[in-house]
Amino acid sequence: PLPTFRWEQIRSHNLPGDKWLVIERRVYDISRWAQRHPGGSRLIGHHGAEDATDAFRAFHQDLDFVRKFLQPLLIGELAPEEPSQDGPQNAQLIEDFRALRRAAEEMKLFEAKPTFFAFLLGHILAMEVLSWLIVYLLGPGWVPSTLAALILAVSQVQSWCLQHDLGHTSVFRKSRWNHLAQQFVMGQLKGFSAHWWNFRHFQHHAKPNIFHKDPDVTVAPIFLLGESSIEYGKKKRRYLPYNHQHLYFFLIGPPLLTLVNFEVENLAYMLVCLQWADLLWAASFYFRFFLSYIPFYGVPGAAILYVVVRVLESHWFVWITQMNHIPKEIGHEKHRDWTSSQLAATCNVEPSLFLDWFSGHLNFQIEHHLFPTMPRHNYRRVAPLVKALCAKHGLSYEVKPLLTALVDIVGSLKKSGNVWLEAYLHQ
């Protein structure tokens, strides 16, 4: 028989070099293996001393295959009298969510439609060709250049969405095919590293809106979000005029995220982590882009076109990806169950055919976070089941109009800034 452990014993094993976690009531010591985890040591480490059963099922397609890697790490199991989850969690909610997932599997909602994703790739490539043809046929004037830049920006936006699908292994049945296709889309079509994206994005999914675990909200001292507003105010920290952060957000948030922050972070990751294949893929994007447009604009003009496209896509990225998260609860680890933690950090935006396409179905953020490997064309079908689950357990299933969701980003920044100012001035 396996050794048995109590939660009070497991809780002490949540240190950088000493991490245990629980999956399906079995206890695993991941201390040494975490560095070899394909999703990164941080991702799996964020679940240290927790029940990671639902996260394990959410992130992996072939569970039987992954369990082979878990077997050597097995050190015991929970004592029979111990609950499956630590702390005051709703066991009935957890069981109902797992039943919902089984129902979605029986409805084949985790099976992708090849034609859907083939169309996505095809229309991205068509836009890339069309933008070049416009400049080639009409010349590098203001009107053709503006039109080409807009089409290129839309192409880049849709490439973000497609690589996002591939990163979540929701396109092909084999994980390897998804990863290879993601490297092509992310590298050749966008000029970024697929490994860098997965490294930061999977952490966001594991612990959304949790400081020091979700990179998307760990933005202090530039912006203060959620609980960090009070902390900075009480400690009298004032690196920027945070009570005006909703104003300077327009200057440095949407315009510069992709052009500056992502570019620097992406390059640093590839060099530090020795991702030479990703570096070559990214270099192929720049080679293709400048080779295509330097003959029309020269080096300075092609560089300006590149900057304009990056700034346009950066606006899309910030507004579309953050309208579902920034207005929600942001703070430190609460150790909630999978369902509650995802619902606390996400909301939906009213769907339409245009918004579904334009946002890459990220307007169904609740469904996406609960089922990250589900192909996005099935979100509409699973949404009523999720809504019914929330109604049964009194959980908020928030759906907003698009304009309200966008305005709420600015409103949340303003509210956090005012909270900081009040705490800062309070003696």
Side-chain angles (χ1 to χ4, degrees), residues 35-43 117-118 120-129 131-132 148-149 151-172 174-204 215 256-314 317 360:
Q35 295 294 334
R36 298 165 55 194
H37 181 239
S41 59
R42 289 190 188 181
L43 172 63
F117 292 104
L120 290 179
L121 178 59
H123 94 303
I124 290 169
L125 297 176
M127 285 188 284
E128 292 286 326
V129 173
S131 61
W132 184 85
I151 295 173
L152 281 172
V154 176
S155 173
Q156 288 295 295
V157 162
Q158 291 301 310
S159 295
W160 274 121
C161 298
L162 181 56
Q163 74 82 26
H164 176 249
D165 298 320
L166 292 162
H168 282 297
T169 65
S170 62
V171 180
F172 299 104
K174 296 290 186 179
S175 296
R176 180 170 176 77
W177 298 353
N178 284 290
H179 296 321
L180 288 174
Q182 186 192 19
Q183 281 190 301
F184 168 76
V185 175
M186 195 60 160
Q188 166 56 220
L189 298 183
K190 290 206 58 63
F192 287 97
S193 163
H195 287 91
W196 160 77
W197 172 260
N198 293 340
F199 168 76
R200 80 185 320 275
H201 189 63
F202 292 166
Q203 292 184 73
H204 160 72
L256 301 181
L257 177 70
T258 301
L259 180 64
V260 178
N261 184 58
F262 276 8
E263 292 279 11
V264 173
E265 188 180 314
N266 170 71
L267 180 60
Y269 179 88
M270 289 190 291
L271 294 177
V272 172
C273 297
L274 308 179
Q275 294 291 345
W276 305 124
D278 283 7
L279 189 60
L280 289 174
W281 274 115
S284 72
F285 162 81
Y286 290 100
F287 179 79
R288 173 180 60 84
F289 183 90
F290 286 103
L291 186 66
S292 299
Y293 293 101
I294 284 177
F296 304 111
Y297 298 103
V299 174
I304 291 173
L305 177 64
Y306 170 80
V307 169
V308 169
V309 172
R310 279 289 188 245
V311 169
L312 289 173
E313 71 165 297
S314 186
F317 192 98

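This chain uses plain numbering: 1 for the first residue, then up along the sequence.
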Find the distance between [atom1] ([X]) and [atom2] ([Y]) and round it off to the nearest 0.5 Å.
X    : Y    : atom1 : atom2 : value
H179 : M186 : NE2   : CE    : 14.0 Å
W281 : Q188 : CH2   : CD    : 6.5 Å
E313 : Q156 : CD    : CD    : 5.0 Å
R310 : E263 : CZ    : CD    : 5.0 Å
S175 : L166 : OG    : CG    : 11.5 Å
H37  : R42  : NE2   : CZ    : 14.5 Å

> Relative to each other, are the rings of H164 and H201 parallel, tilted or perpendicular (30° and 60° limits)?
Replying inline: perpendicular
Could you check if a side-chain atom of [X] sits within less than 4.5 angstrom of a side-chain atom of [Y], using non-hydrogen atoms only?
X    : Y    : answer
V157 : F317 : no
Y306 : Y293 : no
L256 : V311 : no
L312 : L152 : no
W196 : F262 : yes
L305 : Y297 : yes
Q163 : Q183 : no
L189 : F285 : no

Atom of [X], atom of [Y] and distance for their closest heavy-atom approach:
X    : Y    : answer
V185 : S159 : CG1-O, 3.6 Å
A282 : M270 : CB-CE, 4.3 Å
F202 : L43  : O-CD1, 3.3 Å
S314 : L257 : OG-N, 3.2 Å

>> Let's go through F289 and I294 carefully: what are the C-alpha distance in whole Å and the side-chain angles of both, what is the deciding distance for side chain to side chain contact (heavy atoms under 4.5 Å, CB included) to 0.1 Å, and is it a yes or a no?
In response: CA-CA 8 Å; F289 183 90; I294 284 177; over 6 Å; no
> Is there a donor-acceptor contact under 3.5 Å from the side chain of H123 to the main chain of L120?
Replying inline: yes
> Do the side chain of N178 and the main chain of V171 share a donor and acceptor less than 3.5 angstrom apart?
Replying inline: yes
>> Go through it in stages, so that I can follow the logic: the residues are N198 and Q182, the test is side-chain hydrogen bond (donor to acceptor under 3.5 Å, both in side chains), and I'd like the CA-CA distance, side-chain angles, deciding distance and then a yes or no.
In response: CA-CA 10 Å; N198 293 340; Q182 186 192 19; 2.9 Å; yes
>> Assess the residue pair D278 and S193 against the criterion (side-chain hydrogen bond (donor to acceptor under 3.5 Å, both in side chains)); give the C-alpha distance rounded to whole Å, side-chain angles, the decisive distance to 0.1 Å, and a yes or no.
In response: CA-CA 5 Å; D278 283 7; S193 163; 2.5 Å; yes
> When you look at OH of Y286, are more than 12 heavy atoms from neighbouring residues, nucleotides or ligands closer to it than 6.0 Å?
Replying inline: yes
> Which of these passes ring pair (Phe, Tyr, Trp, His ring centres under 6.0 Å) with F192: W160, F199, W197?
Replying inline: W160
